[in-house]
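Here the structure comes first, spelled out in structure tokens, and everything after it is commentary.
Keep in mind that what you see is a predicted model, and the values were worked out from it rather than measured. In what follows, chains are A, B, ... by sequence order, proteins preceding strands, each numbered from 1.
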Amino acid sequence: MTSMGSSTRICAGWVPKVGNKIHLSARQGGKETDLANQDNTPAAENGASEQESLHHLIETRLEKMTELGKQVTLYPYAYERTHTSTELRATEEALTAAEEKVRFPGRIMAKRGTGKTLFVPIQDEWGKIQAYFRKDDLGEDKFHQIQKLIDIGDWIGVEGTLFRTRTDELSIKVEDFTFLSKAIRPLPEKFHEMSLENKSRRRHLDLAMNLDSRERFKLRSRIISDIREFFVQEEFLEVETPVLQPLYGGATARPFTTHHNALDMTLYMRIADELYLKRLIVGGLEKVYEIAKDFRNEGMDRTHNPEFTMLECYAAYWDYHGMMDLTERMLRRLALRFGQDGKLTYGGLEMDFNQPFARIRFMDALAEKTGQDLMAMDTEKLTGLAKGFGVVIKKGMGRDKILDELFSELVEPELVQPTFVMDHPKELSPLAKAHRETEGLVERFELFIAGFEVANSFSELNDPREQRLRFEDQKALMEAGDDEAQPIDEEFLQAMEQGMPPTGGMGMGIDRLVMLLVDTNNIRDVLLFPHMRPEQTDSGNSTEGGTS
RNA sequence: GCGCCACUAGCUCAAUUGGCAGAGCAACUGACUCUUAAUCAGUAGGUUCGGGGUUCGAUUCCCUGGUGGCGUACCA
């Protein structure tokens with residue numbers, strides 16, 4: 001094994017086993033030597049011709065790499081670029097007129113040969129530029145390199161002058177080129193969409209093959225930057241609070257649990273930032289916000305990922321009206337910057353953010369839908385009413401929970417235009433302040449757009465006595481078996497007892513917001529690396545499979 | 001979680017009433033000095049997701065496990 005050439009050592013050493021059980025061999029003088037048997041590969045993987053085809057493709061490329069390595073540096077350290085593809089297109093005229101030499105690096109996306117010439121689209125982050133190679137210009141060896149030894153998927157830098165082909169394709173007439181890196185695995189096929197699974201699982205391939213996917217993620221990045229800019233403008237302070245928390249809170253959800261070895265203690269991944277941000281308000285920071293990953297140990301689907309990005313902001317002296325205004329300013333700004341004239345299209349629905357957002361009361365909306373005043377109804381009557389509307393009511397649901405179900409069923413789907421829904425029932429909002437006028441309600445709003453919830457906000461509860469009672473209610477729920485109820489956070493209560501000013505707070509799911517702005521209904525389209533189940537069990541089979 | 005459906009070459013997909021598994025792209029060999037889904041001629045590539053069962057014979061039928069899609073429940 002040690003006597004083998006460099007390519008074989010490379011292949012045994014670092015060809016990843018991810019997903020595919022490739023067993024590697026190197027061909028020596030036409031004879032196959034099985035490397036897998038000599039490596040520490042588990043014996044189970046030594047099936048005769050497993051993954052033969054892919055294996056063969058990789059082997060071929062490794063052989064070419066060995067050959068190429070005799071002529072050029074395989075992994076050079078840097079490349080000096082003169083222009084990006086965008087810049088080449090923008091300054092084409094001047095560059096062509098001056099016959100200026102350009103240096104352009106990127107990935108080879110195709111090869112179209114006609115004997116002694118070769119057309120090679122090279123792709124950088126922004127797009128493709130075609131490179132034109134002529135044997136007469138490059139000489140025998142160099143042309144052999146690009147024609148035979150360099151593959152689709154490899155990275156090269158080309159140097160030459162710009163021109164237009166007969167078919168009017170902007171191209172670089174290559175005078176010299178530099179090999180930059182090898183792809184020993186083939187790129188996916190070029191003119192069919194990859195499956196959603198493959199795109200999500202192998203994002204590097206999705207990004208390499210689909211420029212629209214690149215654009216979508218770049219848009220996400222710009223949206224988040226813009227939100228930061230907005231908060232700077234609004235004079236909020238960006239802060240960072242702990243991901244690992246001794247107690248979780250600020251939302252109703254099951255947490256991920258982890259363990260700190262040195263302290264020998266259980267820690268939780270945060271489900272919300274809320275309780276820490278409020279401590280900062282207690283401390284005297286008047287306007288704070290955080291854009292952060294939260295973690296919730298719950299189901300996954302088209303709109304849920306176990307880790308997701310949440311915006312939370314708090315402002316001292318504000319109530320939920322102030323937060324409503326802030327939220328409206330922010331979304332109008334986003335719609336103006338990322339939509340068309342302040343309008344967005346989502347799933348064929350058009351939403352106009354130029355007009356003042358509708359503001360409706362939770363109970364009013366329900367009254368309108370049902371034709372009855374639900375405030376006066378007891379649980380039993382409500383259950384009957386809900387069933388009448390086809391809403392499934394489970395045993396043990398409280399009055400407010402039933403109202404919430406009714407609302408989700410009857411009202412939410414119709415809230416297409418940006419709409420603030422205000423003044424919710426109390427039970428579902430343990431951190432919100434009681435409504436200043438109406439008994440049994442809290443000062444809260446949710447913003448709905450295109451039928452789903454985008455933001456949630458309260459006049460924050462700041463009376464520590466009331467907060468303690470609410471926590472105790474939660475504790476009772478927890479003891480009754482509700483594993484989403486919040487535990488009592490004594491340290492947070494202590495902070496509040498120190499005196500918390502009137503405060504408005506708002507939380508917004510950033511992934512949902514981005515989905516709205518890029519018009520997709522799948523969260524995987526806006527997460528670079530959505531959570532996926534492992535593709536294959538490594539040892540594959542008999543021990544776990546088969547027996548029930 | 002639960003229900004329904006899917007899984008075939010590196011990628012995207014065909015086909016088999018249960019009887020030698022097929023195409024395009026990618027790869028390889030050759031031809032071609034303006035191609036752009038380049039073209040033309042040829043070659044190679046498969047434990048049909050894993051395990052078990054029924055059968056003379058299973059990729060196809062049955063059971064079971066895995067992964068995915070859609071729906072549903074909880075939630076942002």
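Summarising the geometry, the separation between CE on A:Met300 and P on B:G71 is reported as 15 Å, rounded to the nearest angstrom. Nucleotide B:A9 holds its P atom 20 Å from the CD atom of A:Glu59, rounded to whole Å. To the nearest angstrom, C1' of B:C13 lies 7 Å from NE2 of A:His192. Between A:Glu63 atom CD and B:A27 atom P the separation is 15 Å, expressed in whole Å. The separation between A:Gln147 atom CD and B:U29 atom P is 10 Å, rounded to whole Å.
Note on A:Glu169: a base of the nucleic acid sits closer than 4.0 angstrom, heavy atoms only. Here A:Asn305 lies in heavy-atom contact (under 4.0 Å) with a base. Residue contacts shown for A:Gly509 are absent, as no nucleic acid heavy atom lies under 4.0 Å away. A:Lys135 comes within contact range of no nucleotide atom at all, as no heavy-atom separation falls under 4.0 Å. When heavy atoms are screened at a 4.0 angstrom cut-off, A:Lys199 is found touching no nucleic acid atom at all. Nucleic acid contact for A:Arg524: sugar-phosphate only, since backbone atoms but no base atoms lie under 4.0 Å from a heavy atom of the residue. Residue contacts for A:Lys401: at a heavy-atom cut-off of 4.0 Å it reaches the sugar-phosphate backbone alone, with no base atom in range. Counting any heavy atom pair closer than 4.0 Å across all strands shown, A:Ser171 reaches no nucleic acid atom. Using a 4.0 Å heavy-atom criterion, one finds that A:Arg254 contacts no nucleic acid atom at all. Contacts of A:Gly113 with the nucleic acid, taken as non-hydrogen atoms under 4.0 Å apart, include base atoms. Note on A:Phe452: nothing from the nucleic acid sits closer than 4.0 angstrom, heavy atoms only. Contacts of A:Phe163 with the nucleic acid, taken as non-hydrogen atoms under 4.0 Å apart, include base atoms.
Of the listed nucleotides (B:G10, B:U35, B:G68), B:U35 has the atom at the smallest distance from the side chain of A:Phe119. Of all nucleotides listed (B:U67, B:A26, B:C28), B:U67 comes nearest to the side chain of A:Glu197. Closest to the A:Arg201 side chain, of the nucleotides B:U67, B:A76, B:C11, is B:U67. Candidate nucleotides B:C70, B:U33, B:A38 were compared by shortest atom distance to the side chain of A:Asp136, and B:U33 ranks first. Nearest nucleotide to the A:Met194 side chain, out of B:U29, B:U12, B:C25: B:U12. Listed nucleotides B:U12, B:C74, B:A26 differ in distance to A:Glu405; the shortest reach to its side chain belongs to B:C74. Side-chain proximity of A:Leu57 to B:C34, B:G10, B:U12: nearest is B:G10. Nearest nucleotide to the A:Ile152 side chain, out of B:A27, B:C74, B:C34: B:A27. Of the candidates B:C28, B:U67, B:C34, B:U67 carries the atom nearest the A:Arg533 side chain, counting heavy atoms from C-beta on.
Side chains of A:Asp511 and A:Asn305 form no contact here, defined as non-hydrogen atoms less than 4.5 Å apart. In this structure, the side chains of A:Tyr132 and A:Thr165 stay at 4.5 Å or more apart for every pair of heavy atoms. Side chains of A:Leu118 and A:Val174 form no contact here, defined as non-hydrogen atoms less than 4.5 Å apart.
Remark: A:Lys199 does not engage A:Asp525 in a salt bridge, criterion side-chain N to carboxylate O under 4.0 Å.
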ask   = How does RNA chain B look in dot-bracket notation if pairs are Watson-Crick or G-U with both distances under 3.5 Å, crossing ones as [ ], other-strand ones as |?
value = (((((((..((((.....[..)))).(((((.......))))).....(((((..]....))))))))))))....
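Looking at A:Arg201, its side chain does come within 3.5 Å of a backbone N or O of A:Arg533 through a donor-acceptor pair.
With hydrogens and angles left out, the side-chain atoms of A:Glu312 and A:Tyr289 include no donor and acceptor closer than 3.5 Å. In this model, no donor atom of one side chain and acceptor atom of the other lie less than 3.5 Å apart for A:Thr241 and A:Asp273.
Between the side chain of A:Thr114 and the base of B:U35, no donor-acceptor pair of N or O atoms lies under 3.5 Å. A donor-acceptor contact under 3.5 Å links the side chain of A:Arg134 to the base of B:U33. Judged by distance alone, with hydrogens and angles left aside, A:Asp301 brings a side-chain donor or acceptor within reach of the base of B:C74, the pair sitting under 3.5 Å. No hydrogens or angles were tested; on distance alone, a donor-acceptor pair under 3.5 Å links the side chain of A:Gln130 to the base of B:U35. Remark: the A:Glu189 side chain and the B:G10 base include no donor-acceptor N/O pair separated by less than 3.5 Å.
None of A:Phe420, A:Phe458, A:Phe362, A:Phe357 except one satisfies the ring pair (Phe, Tyr, Trp, His ring centres under 6.0 Å) rule with A:Phe445; the exception is A:Phe420.
Of all non-hydrogen atoms in A:Lys182 and A:Ile150, the two that sit nearest each other are NZ-CA, 4.2 Å.
Because its NZ or CZ atom is both nearer than 6.0 Å to the ring centre of A:Phe177 and within 45° of the ring axis, A:Lys142 counts as a cation-pi partner of that residue.
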